[in-house]
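Encoded as structure tokens, the structure appears first; notes follow it.
Within every chain, numbering begins at 1; the chains are lettered A, B, ... in the order of the sequence lines, protein sequences first and strands thereafter.
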Protein chains: 2
Amino acid sequence: MAGLTINEAAETTGWSPRMLRYVESAGLIEPPRSPAGYRLYGPEELQRLRTLRLLLEDHGIGLGDVGFALRLRRDTELRDAVEAWFEAEVTRPADIPDSAWLRWEQEKHQRLLAALVD
Amino acid sequence: MAGLTINEAAETTGWSPRMLRYVESAGLIEPPRSPAGYRLYGPEELQRLRTLRLLLEDHGIGLGDVGFALRLRRDTELRDAVEAWFEAEVTRPADIPDSAWLRWEQEKHQRLLAALVD
DNA sequence: GCAACCTTGACATAGACGTGGTAAGGTTTG
DNA sequence: CAAACCTTACCACGTCTATGTCAAGGTTGC
């Protein structure tokens with residue numbers, strides 16, 4: 001076969017077979033399959049499995065974090081939205097001073113209640 | 001006071017007071033404090049709380065995810081490491097064909113065992 | 001000064017994450 | 001064909017996340 005099977009790959013990478021399937025389910029490393037459906041880990045997959053291990057250990061992050069990073073780099077809209085949130089500053093008419101704006105905020109639910117009994 | 005207190009902020013943003021403290025503990029939104037230590041939410045914090053809420057709902061992500069994104073943008077080393085992992089391709093002498101490399105991998109633990117009884 | 005707020009810290013819980021097992025069934029190989 | 005693999009689909013369990021609630025004590029405003 002043109003690659004290591006899951007148990008062999010587990011031995012050379014330090015992951016358990018169970019975790020190799022889990023890593024795959026997270027979309028991080030998806031080895032090609034044999035005609036019968038066996039996972040076949042080639043040099044590239046093995047290499048990435050080892051470096052993934054180091055990445056997690058070195059920075060104290062989890063598979064879910066890397067999965068999210070993957071989502072960030074694949075889903076442009078998500079990336080932009082997150083980026084926008086970090087960058088966002090207050091956007092509101094410059095002619096309303098903070099004090100007035102705060103009062104408005106503070107009285108909002110009173111206005112809402114008033115509207116209800118109206 | 002120059003801002004909304006935590007319960008007022010909760011009312012206008014849709015978060016619970018408990019969650020506002022939690023969001024703060026995640027490093028996402030840290031309102032300034034009054035001399036006595038009261039959290040004071042200004043226009044900027046309120047705005048960001050509302051958009052944070054939308055960000056999570058719109059994309060089905062969690063606070064932890066946004067926290068990780070924050071880490072990514074603050075910790076350059078982490079960002080580079082994650083980036084490098086996604087980009088990594090196999091790096092190994094081009095003159096070793098896959099088949100040989102795989103055999104080498106496959107027999108690694110047998111060699112290790114042999115070394116042990118040596 | 002008292003009622004109504006705020007603070008931190010602790011306990012509680014439902015669901016998700018990380019990980020290991022096991023069972024039922026198909027594949028490979030000597 | 002039998003042993004030793006592989007597959008998916010579950011069950012289990014400790015830990016973490018997200019959230020609520022409560023207690024003990026300080027602050028504020030009328």
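- The distance between atom OH of Y38(B) and atom C1' of dT28(D), rounded to the nearest whole Å, is 6 Å.
- Using a 4.0 Å cutoff on non-hydrogen atoms, the parts of residues 14-31 of chain B near DNA chain D are S16(B), R18(B), M19(B), Y22(B), ordered by number.
- Taking a 4.0 Å limit (strictly below) on heavy-atom distances, residues 57-69 of chain A reaches DNA chain C at L63(A), G64(A).
- A 6.0 Å sphere centred on CZ of R73(B) holds more than 12 heavy atoms belonging to other residues, nucleotides or ligands.
- No side-chain donor-acceptor contact under 3.5 Å links W85(A) to the backbone of T51(B).
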R50(A) and E45(A): CA distance, side-chain angles, deciding distance, salt bridge (Lys or Arg N to Asp or Glu O under 4.0 Å) verdict
CA-CA 9 Å; R50(A) 296 201 189 88; E45(A) 284 81 23; over 6 Å; no

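- Rounded to an integer number of Å, the gap from L56(A) CG to dC17(C) C1' is 13 Å.
- Place R33(B) and P35(A) on DNA chain C by their nearest nucleotides, and R33(B) ends up nearer the 5' end.
- By the side-chain contact (heavy atoms from CB on, under 4.5 Å) test, R71(A) is found to be paired with L78(A), H59(B), I61(B), residues two or more places apart in sequence or in another chain being considered.
- Checking dT27(C), dT28(D), dT7(C) against the side-chain heavy atoms of A36(A) singles out dT27(C) as nearest.
- Here S16(A) pairs with nothing under the side chain to side chain donor-acceptor pair (under 3.5 Å) rule; sequence neighbours left out.
- With sequence neighbours left out, the side chain to side chain donor-acceptor pair (under 3.5 Å) criterion links E57(B) to R53(B).
- Remark: P of dC5(D) and OH of Y41(A) are 17 Å apart, rounded to the nearest angstrom.
- dT28(D) atom P lies 16 Å from atom CD1 of I6(B), rounded to whole Å.
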Below 3.5 Å, can you tabulate the donor-acceptor pairs from side chains in residues 23-30 of chain A to any protein atom, sequence neighbours excluded?
residue	atom	partner	partner atom	Å
E24(A)	OE1	R39(A)	NE	2.4
E24(A)	OE1	R39(A)	NH2	3.4
E24(A)	OE2	R33(A)	NH2	3.2
S25(A)	OG	Y22(A)	O	2.7

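- Distance R39(A) CZ to dC5(D) C1': 14 Å, rounded to the nearest Å.
- By the 4.5 Å heavy-atom criterion applied to side chains, T13(B) and Y41(B) are not counted as neighbours.
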